[in-house]
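Heads up: the structure comes next, in structure tokens.
On a predicted model such as this, the values are computed, not experimentally measured, just so you know. Whatever order the structure lists ligands and atoms in, that order sets their numbers, starting from 1.
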Amino acid sequence: MYLQSIQLENYRRFKFAQAEFPDGVVGIIGNNGAGKSTLMEAIAWVLYGTEAARTGKNEIKRLNSKPQEICRVILDFELQGENYRVVRELKGASSQQDSSVLINGKVVARGITAVTDLIEKTLNMDYRDFITSFYAPQKELNVLSDYPPSKRKEILARMLNIEKIDSALKGLRADIRGTDLKLEVTEVHMKDINELDSKKKELQEELKKVFQKIDEEEKSYQAEETNLKHIENELKKKKEESEVFNKYKSELSVKEALSAELATQITKSNNEIETLESQSLELDKLEVEVKSYPQIKEGFLIYEGLKHKAEQKKTIIIQIENLLQSIDFDKKRIEALGKDMIVLEKKSKTLEELKKDLVEIGQHLEKTRSEFMRVQSAYKVTLEEQNKVQSQLEGIERLGPNSVCDRCLRPLGADYPKIKEHLASEIKKIGTNLDSITGERKRIEEKGKELRLVKNNLEEAIERTQKEIEQFLKGKGEQETLKKNLLDKEKNLLFLQDNLKNIGELSYDLTVHLELKTNLDRLEKLKEKYIALNQEKNKLPQLKQNLTQIESNLKNLNIEIETYRNKIKTLSFSEEELKTTEKKVEEQRAKIHQLELNLKDLNHQKGIFSLELEKIERDIQETLKLKEELKSLGEDRLYLEKLDKILVDFKTSLISRIRPALSTYTNELFLELTDGRYEKLELTDENDDRYPPYEIVIYDQGERFSIERFSGGEKDLANLCLRLAISQQVSQSSGVEFSFIILDEIFGSQDASRKENILKGLAKLKNRFRQIFLITHIDDIKDSVENLITVLENEDGTSQLILQ
Ligand SMILES: Nc1ncnc2c1ncn2[C@@H]1O[C@H](COP(=O)(O)OP(=O)(O)OP(=O)(O)O)[C@@H](O)[C@H]1O
Ligand SMILES: [Mg+2]
């Protein structure tokens, strides 16, 4: 395999860059951070994807690139005569990854998984192997030389993938530990099978005994049940007998009670008859007395009527007396009221006259009022006139002769005193007039006052007279009512006097009346008694007839009683025997109940034993299973142990086989690079008597020396040879022929002569590697390489590739 070209779009610093890869030693130069290692990372990324990138996929796409821009790498290489193109890209904001592989222009794989599968299969190595074979990163050579041999061995093991065996061993040992633990746990949980067997036998024995007992108890239970049935039959018979016996007995006692009742009734009837017969003698005596009852009653009723009339007469007399008194009173009142009527007439006339006077006074008053109004207005006019002339005078006096005449509107001048005087006399005249008006007004006022006093007196007299007349009018109404009532009373008096006459004279005697009453009360009681005794006497024949009937009934009943007594005697029933049988039944039932309980207990025991037996059987099965498991675990463990040994042996043999191959190849390269100055280089093995394993030793004039004895440049060369040998080893084991290698900043801190040394050495390796890429930031190698790819930084922060 060798690289043909690469194209980068928005891959890290590269916006768009393309480069053809020439053959030979190719220098890739540029400043720190220009993107040299990025270029190599892109080769690994296009083949193996995210795993090969130094960051997560979201940080791969160029910073500041637009979301719609695609991050893409296209790598062309040749392998076994075929042209391969591998494309990988990240699309969209979420960096969706996609990739494809074309062979000779034909798509052979599409999608991340398919492409990775195809690459791993074609190159026959995974990402780690790929990196180890073709890419020696910065400082790795230093690491190889600086670390002690044991560490170097470890690094080599890692590079050569031997550590995979270690990790397999680690897993295997974890499995062994796991199996041990399972074994331990299984042994702890496993029960003693012999113990379980003997316990099972014991339980089977116990269970057999319980079955036997159940059998025995069931037999005796059946026997006792039959027994119980016999006794119960006996009891049933006895109970039937008892029923008949008790029936006779109760019927007998009913009849005996009835017989006693009849006997009592007979005694009672005899007594009654006797009493009634003695009462009929008394009845004869009563009859004689009761005969006078109607006569006495009639007399009493006459006296009752007399008493009533006497009371009536008395009441009428009182009423007549009261009426006479009332009539007399009314007459006197009517007479008095008649006198008042004369006064009423007079008062009415007076009222008429008073009213007439009042009208007259009113007219006078009205006249006086209008007179006053007239005088009052004359007074007002005169007063105003006086004020007007007065103010005129005051105005003139204030201005003196300069005052203006109110008619001609010229100053008064010489007329001033004249006019002033005229005005003063005018004021005086008006004053006199005012005085006479005031006198007139006072007179009218006096007159008005007098008239109002008279009017008030008249009004009071009218009111008073009206009230008196009203009073007299009421008396007139009373007089009329009294006259009407008086007629009614006189009619009533006549009616009462008639009644009194009709009653006439009465001869009522209270003593006779009371005597009659006492006699009548006594006779009434005797009469009642007579009637009652007479009714009782009528019952006697019936009573006698009833007695005969009861006596015959009793006789019949006594015959029946004798028959029942004979029947009971003939029944040979005993209450005690019945009780004994009942007791027997109860005892038998208790016995059976006990047997049932026993059976229940036994069945319970049977259940427990059966469950225990089942559990033991389960335990036995479980233990047998565990035994099986233990056996298989033991076998597993043996197998794992064997595997462990095989892996250890395999690792040892691998290391022992690789070391000579590595040693041989490193030696070949070293001899070639040093032009045969030294005889041999080798990597020591595990059994070296002087040096630890994996120490680089160099033969100088037949003697072995550790690499430490040689110069820095020689050390660098030896390590470079070892690193190249490792690449060779890994790529060889893949079975694919590889012809390129990338050395990224391998110079470290070497001085110029040492660098030159390495460069010369590399030039000699052209026949072994078609392409050797040497990445460095140091410019001075320019002349020592055949081709140059410069990684140049642009001003906008992107980089470009220039092939020279
Ligand atoms: N997605 C990205 N977009 C832009 N720049 C990026 C991105 N990812 C990494 N970089 C930058 O790219 C630069 C190039 O790194 P690289 O390792 O390739 O440099 P170099 O040339 O190998 O330098 P040195 O000589 O120091 O090893 C770094 O400065 C890094 O910060
Ligand atoms: Mg770098």
Side-chain angles (χ1 to χ4, degrees), residues 3 6-19 21 25-75 88-99 130-132 134-143 720 723 740-750 755 758-759 762 772-782 784-785 787-804:
L3 305 178
I6 193 161
Q7 183 182 309
L8 308 162
E9 282 171 68
N10 296 308
Y11 189 87
R12 299 207 189 267
R13 279 186 69 92
F14 296 95
K15 189 172 183 187
F16 185 84
Q18 231 178 345
F21 293 116
V25 180
V26 182
I28 298 175
I29 59 164
N31 292 335
N32 288 124
K36 305 180 293 290
S37 299
T38 301
L39 193 60
M40 291 304 121
E41 182 204 58
I43 294 170
W45 182 75
V46 78
L47 295 170
Y48 290 97
T50 317
E51 194 188 2
R54 61 177 108 152
T55 63
K57 72 171 180 173
N58 292 334
E59 287 168 40
I60 294 174
K61 193 175 165 186
R62 185 173 61 84
L63 207 72
N64 299 332
S65 59
K66 292 184 184 113
Q68 67 270 24
E69 285 181 304
I70 294 177
C71 164
R72 182 185 292 136
V73 176
I74 303 172
L75 177 74
R88 191 175 291 269
E89 44 195 26
L90 298 173
K91 286 183 219 162
S94 62
S95 297
Q96 183 73 35
Q97 206 184 145
D98 195 14
S99 69
F130 178 79
I131 283 297
T132 313
F134 307 113
Y135 185 71
Q138 288 174 319
K139 315 280 186 316
E140 199 178 78
L141 293 189
N142 294 6
V143 169
L720 178 63
R723 179 63 187 86
F740 75 93
I741 184 152
I742 302 159
L743 303 168
D744 192 350
E745 296 283 10
I746 55 166
F747 294 125
S749 56
Q750 280 98 337
K755 267 185 272 171
I758 292 172
L759 283 167
L762 287 176
I772 299 173
F773 298 101
L774 188 62
I775 298 175
T776 176
H777 64 283
I778 306 159
D779 266 13
D780 56 12
I781 60 135
K782 271 185 197 168
S784 317
V785 293
N787 294 295
L788 204 60
I789 294 174
T790 309
V791 185
L792 209 65
E793 294 161 280
N794 299 323
E795 275 184 4
D796 64 355
T798 60
S799 291
Q800 55 172 309
L801 300 172
I802 298 166
L803 181 66
Q804 285 163 335

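- No more than 12 heavy atoms of other residues, nucleotides or ligands lie within 6.0 Å of NZ in K15, so this atom counts as exposed by the packing criterion.
- Counting heavy-atom neighbours within 6.0 Å of Q68 CD, excluding the residue itself, gives a total above 12.
- Distances from atom 1 (N) of ligand 1 to the heavy atoms of K36, K61, M40, R13 put K61 nearest.
- In this structure, E41 contributes its side chain and R54 its backbone to a donor-acceptor pair below 3.5 Å.
- Residue T38 does not count as close to the Mg ion (ligand 2), with no N, O or S atom under 2.8 Å.
- Ring-centre distance between F21 and F740: not below the 6.0 Å cut-off.
- In this structure, R62 contributes its side chain and N10 its backbone to no donor-acceptor pair below 3.5 Å.
- Taking a 4.0 Å cut-off on heavy atoms, K15 fails to register as neighbouring ligand 1.
- With ligand atoms numbered from 1 in the order given, ligand 1 contributes 14 (C), 15 (O), 16 (P), 18 (O) to contacts under 4.0 Å with heavy atoms of T38.
- Here is the list of ligand 1 atoms found below 4.0 Å of a heavy atom in I60: 1 (N).
- Counting atoms of ligand 1 from 1 in the listed order, those under 4.0 Å from a heavy atom of R62 are 1 (N), 3 (N).
- Within the structure, the closest approach of A34 to ligand 1 falls below 4.0 Å when heavy atoms are considered.
- Proximity of N31 to ligand 1 is established by a heavy-atom distance of less than 4.0 Å.
- Using a 3.5 Å distance cut-off with no hydrogens or angles, the side chains of S37 and R12 do not pair a donor with an acceptor.
- A heavy-atom separation below 4.0 Å is found between E745 and ligand 1.
- N794 places no side-chain N or O within 3.5 Å of a backbone atom of D796 that could act as its donor or acceptor partner.
- At distances below 3.5 Å, at least one donor-acceptor pair connects side-chain atoms of K61 with backbone N or O atoms of E69.
- Neither the backbone nor the side chain of V791 comes within 4.0 Å of ligand 1, counting heavy atoms alone.
- Here R54 has side-chain heavy atoms under 4.0 Å from ligand 1, and that is the only part of it that gets that close.
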